[in-house]
Amino acid sequence: MKLYARRWRNIVILAVLAVLLIVGDALCRVSLHSTSKILGWILAALIVGLAMYNVRKRLPFLPLGSSAAWLQLHVYAGGLTIVLFVLHIGWRIPNGAFELVLAALYVAVAGSGVAGLYLSRSFARRLTTRGGEVIFERIPVYRKRLQCEVEELVLRCVSESDSTAIPAFYTTRLRPFFEKSRNFFSHLVESHRPRQRLLLEIQSQNRYLNEAERGLLVQFADRLRQKDDLDYQYALQATLKYWLFMHVPLTYALLVFVAVHVLLVHAFSGGVR
Amino acid sequence: MSGQQPEFSFDESRYERPNQDWICGWAADGQACPLGPGKNGTCRGTYQCMPYRKDDRWMCARSPSRGGKCADGPLPDGTCCLPIPPCRPVRSVLAKRKLFTLCTFAFALGSTLLMIGVPQRSAVISPGCPTAAHSTIESRCEVCHTAGNSGFADSMRTASPAGDVMQQSRLCLNCHEDFGPHVMHPHSYDPQMLAVLTQRINGNGKTPDAPWLLSTARAVLPPPGTSDGQLACADCHHEHRGERFDLKHMTNQQCQVCHAAPFHSFSNGHPEFSVYPYQRRTLLYFNHKTHYESHFANFERIMPGGVAPPEANVEQSISAASCFHCHQTDPQKQTMVFRGYQQSCAGCHDRQITDDAFPAMAVVVTPPAAGDAASGTSPDDQLSSSMLDRTTPFMDLLMSADGQPEATPAERRQTISRLIADLVEHKQVRLRQRLTDALGPKATPAEIDELTRLLSLSRFVAMQKESADAANEDATPAQHDPTGIGWFLHRDDRSIRYRPQQHADPFLRAWLEVTAKLVTDRDWRAAIDEPAASGAEVQPAARLFASLTNPTSAGRCMKCHTVDRQADGSLQINWFARQRKTYERTFTTFSHAPHVTLMGDESCARCHQFVEPFELFKPEFVGRNMTIQTDPTSVETSGFRTMSKQACAACHKPVSVRENCLTCHRYHVTAPGSGVQ
Amino acid sequence: MATAEPIRRPERWSVPFSADMGDADVDRMLAIPPFSQLDPENFRGKITLRGLLQNDARIVRCQPGDIIVREGDWGNTAFFVISGSVRVELEPPGRGLPDRILGRSEPKRKNIFQAIAQLWTRPRYPEVRDAENYRTDPQLGLRGTGQQTQIYLQDLSVVLDNFRTATIGAGQFFGELSALGRTPRTATVFAYDNAELLEIRWQGLRDLMRRDQKLQAAIDQVFRDRALSSFLQNTPLFAHLNEGEMAELVAEAQFEMHGTYDWAVPFKRLVKQGATTGVEHEPLIAQEGDYPNGVILIRSGLARLSHSFHYGHRTVGYLTAGQIYGFDEIEEGWRKSQSVPFKYSLRAIGNTAVVTIATPLIERYLIERGDAAPGRGGPKMPVSQSATADTSRISPDFVEFLVQNRFVNGTATMLIDLDRCTRCDDCVRACAAAHENNPRFLRQGPIHGHVMVANACMHCVDPVCMIECPTGAIHRDLHQGQVVINDRTCIGCGACAGNCPYDAIRMVEVRGGDGRFIRDAAEHMPLVKATKCDLCVDQLGGPACQRACPHDALVRIDMHNVEALATWHNR
């Protein structure tokens, strides 16, 4: 099955389930049967099920089904929880302190999930377009290597020429750029402005330089492009890794709150259906 | 592979180990030490190799993969010549996330424990503030929740499926105690009665036509409530939804889910008002149509000297003929009540009550005085003898206990003169005795006292004498009572007559009330059919009642007031236009006030329409005095058509004014402490 | 990168097979038949018989029980028994000598409890081994050190009692078929007594055969009798032939080797220099436009199908063992009664062994018996005879990329769709989790378009890594086909890592439980072991990497299942 066909199939299944849920909820509300409990249980079960994906990831050696299948389930079941959640809270913002925190946690987890899904699908594609393929952990190594190369060029310049134009330019403008990953957010939004500005600045140095120095300047520009590409990879890969810093920890917080919520609701319902 | 940026040499690359918790601090420089950090993130870097001793020489043991034996070799003391500077290991991305997750989890656990552990927990765990009415008990969960003050285990047990689902509803009833014995049943109504109502609806054979959601819900889901048909309060009333949440809010479909004959909306499917409200009995004979359309418009001509009723207490400008002349909203703003005789009717009808064009009511006929009798050489001896025997229904009643009907004229005359003496001299004891004897046990002593008091003719006679002496024979044949007590002497027939002075005249009213109690409708009809018949066939009380209720009799009470037969066969006069004894909580409620305010002067006619065509002399008005109403749903109508649902639906349609069930209907119908006004 | 530094063309014998082969040994060899009977006249020019023996052969002295070759091993040498005798084990597959005593890892799948127990039993440090494993194993006989490490059967008499064996005595060759044919050893051979063997590299054997008709004929005959006939009998194309016809086929079949035997190292060198490794480096087996003189069957190795396109060649597909070439043209020619030339060129990728069945035989036995012809209800070809049908669904440049880099060698190549890969490293972590906290691949590799061929063992059809392993530690699992390394018998020589054309084998320094390196007693250097992907052979669910990929980006794919490859590539 082609991927887009699978996507459509799953979306249709999700939509059908969502409509069934909404209609079922409306039916129960009409018949004065409270749906809060049953929706709550389904929601809690789904959230626990979704959180089990994390457990599945820790047990890759067990035949628990492929992670891709889990993710598909995770994404679409996660979508379903949004419907369930909205029905469960009855289309209104809860006004109790505890429940507000619970709802906010859910919204944060679901929101980060949706954002993560978007990132996973769009950034993956963008990563192939620029900067080659770099392993995230090796990015600092490459950056360091580029910096060393540039510094070597500068030293060569110092030894060959008595002009301080290039060393001065390096210390003021280029060193900050090469020292660490830069322009994180520009890269996220695919902005080339910082790169263009620096390249322009390098070019504008031409008028102060002699022939040999100009040759070096071309190499600076080359290293700068490489470094910028590396920053691009860093920005995107880091985002792809760090969105989980919201999604996963908040999920565990959510689970705690869900458990307490279930206990409280159970106790205070006084046996009401 | 070549050509790829950045370059990557596979043959020299080691495995990337993102699974490790700690990464060598030099890894970012591409110079990770071979050994790597320890378990707890400690640097374990020492030297590049561990030289070993061989034949008294220290040998380099650097592995080929790290560059092989070094050129300089170990130092003389056996340490490697290439120390690894200590690093500060860093956590891997995954390890950072693990740590962060752990902290978040711990924080969440701690904060939840804190939330349910602190004494002020009710404010925290409350799922939202209750409605304003309940706000005072917000912090006291135990008022409404069984789990509020019990321990954890207890609350879990009560919440188990086997728990009593009604336990919290009973807590509601601690405050809301007005719902009668069937509080948990639908409508707080006797389930057996409700079954009868349901049976009736089922019997009318209409196929229900309801919105699909409602029909589906009814088809696939069980009805709400427990298996024995009880409903918990929380089934309908959802608390903790904010101060301004309407606890009583229900949708039309929710209302109808139990109902046998559901429908779409008020405008679509709601049953017609088949018997509502104008087949209901009215208590006065009153033709709204004639009053509204002609009398009020032309009262100067019809009732010269009449005065229009004062304006009603409504903001709207009142046209010449306005309902508000006679009706106003009650304090509950529910009904439009009659503003009362004085405001509405007196302007025209007072003069009819005191109208002297009609003969006043003869109470006592005095026999000719002795002198008169002596000069009675008149040719009509017969007449005078009949004059001697004349009595009034009052007298007949008062004499009824005194002598036999078979008595001789002489004896009768004696009896009469004794009565007259009693009356004129107002011998109270004897009068009371007479009344007691004549009225029997049905009259209460208080009533008898009142009647006795009202028959105080002695003062009148005394005044009459004085005036006769003063005026010296020039008195008019009939003259108004100067004392204002209604009594006067009719010189032509020597009768003492009574003319009412005002609406609700005490004398007439007292006698009407007393006689009505003594008379059955059959007696009354007999008395009307044979007005001339002697008391032998017709009871004196009936005769008196008939004469008092005659539309042409003084005061014309029965022109407007109707008579009802009581359960014991006696009669009762409806003195008040509409008497609302209790406001029962029925299924339906209607507030006139907002409608009147909203729609103004035109408002009444929008719903209350006259029966067409216009017939002034409808049978029920022509023969009205002959009618006794026992059926409360029957024809003593006010001339309005049965109200149509369309009148309401013109405004109450889905897009404009709300058409909720609860706009006009109540759910809880029985309120035992129904003094609610 | 591509600074094409001129390299000295390596010469034959610049690196002799064994430095220990002295003149005395050579003289001794030259004195005994069959070497004494060879005509020196045939050895003129560069390749002398003496040089050949000195550089391409070595003397191996065995003690009783020493295992010389194992069934399933890949070797590039043949053996000649100088003195003593060896035994060849004759049991049918599955009943042979147990893996354990042969020094192989036992492919034992973990049960569910063992699998879960990995969660807490896996060490915190990388590459932790139990050093005890390297010391003693009562069942495994190990003697010698370093490159001379030898595995032997401890209880020879029991083995002889329990397993059927045949004796190979002095003066006989063995192992020559798999050495020449690059096929796995078909049987295990061990020393019966203190035998003395001459181990000859396949190049030496080839040259001997070329120069000696008798040897050539003898080995040829043995090859036809054993290998060729069994190959043809197992070819579905000829399954319907009777015994006599099959014998004719075997007798008439032509057998050829193409390409470089040890192609891996030169290939790697070329790749490292950034030179192209394309068509020009691949020997032609059959030329587009030539008239077919028979159908070519691929017996082992890989071959590229291409046709000329403007000034270059366009690759349209690749063939692997069992597939055939040229049938369509012969059939078309038979129907039209005129010769139809080959539509494509066939070139050897690496080393390719082909069998040619002459046109008349094909016409007589396949085409004229219409029912037996492929595609007409007869026996189905293993894969389409013209692999273009399937590869046509893949873009030509991707096919070119796969063939040029020889990734078509893989049976479980790791492909990563970079358009879907979020670089989450779940695959690497899953791999580590399944291998005691050690990843067994690098999530990096050559990229074409959006497809990356990750640096993980592809479990090649032509596993050049296995050729030089001295202990047989790297071997193909006989039951499941994965190429695995027995950590216990690996001596860390790095031969496999050096041979792997794709650098998918990594040498690691192993540690003890405390995270410190395990050092050998003599050199005090960390013990080194070869590691690579084992396709999670001992795990329950199969390759953890593929199952751990959340985004359907990573796949382990058999390059010879073109259908699956095309489907994956076009999804």
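Protein chains get the first letters and strands the later ones, always in sequence-line order, with residue 1 at the start of each.
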So, do Ile135(A) and Leu442(C) sit near enough that their side-chain heavy atoms are less than 4.5 Å apart?
yes

Can you find a pair of side-chain heavy atoms, one from His551(C) and one from Gln72(A), that are under 4.5 Å apart?
no

Side chain, backbone, both or neither: which part of [X] has an atom under 4.5 Å from a heavy atom of chain C?
X	result
Glu137(A)	side chain
Arg126(A)	neither
Tyr53(A)	side chain
Leu240(A)	side chain
Leu59(A)	side chain
Leu244(A)	neither

Keeping Ser67(A) on the side-chain end and Ala548(C) on the backbone end, is there a donor-acceptor pair under 3.5 Å?
yes

Separation between CZ (Phe61(A)) and CZ (Arg547(C)), nearest 0.5 Å, reads 10.0 Å

Are Arg125(A) and His450(C) linked by a side-chain donor-acceptor pair shorter than 3.5 Å?
no

With a 4.5 Å cut-off on heavy-atom pairs, point out which of Gly542(C), Ala544(C), Pro543(C), Cys549(C) contacts chain A the most.
Cys549(C)

Might you confirm whether atom NZ of Lys110(C) has over 12 heavy atoms from other residues, nucleotides or ligands at distances under 6.0 Å?
yes

Check each atom of Asn570(C) against the heavy atoms of chain A and say whether the ones under 4.5 Å are side chain, backbone, both or neither.
both

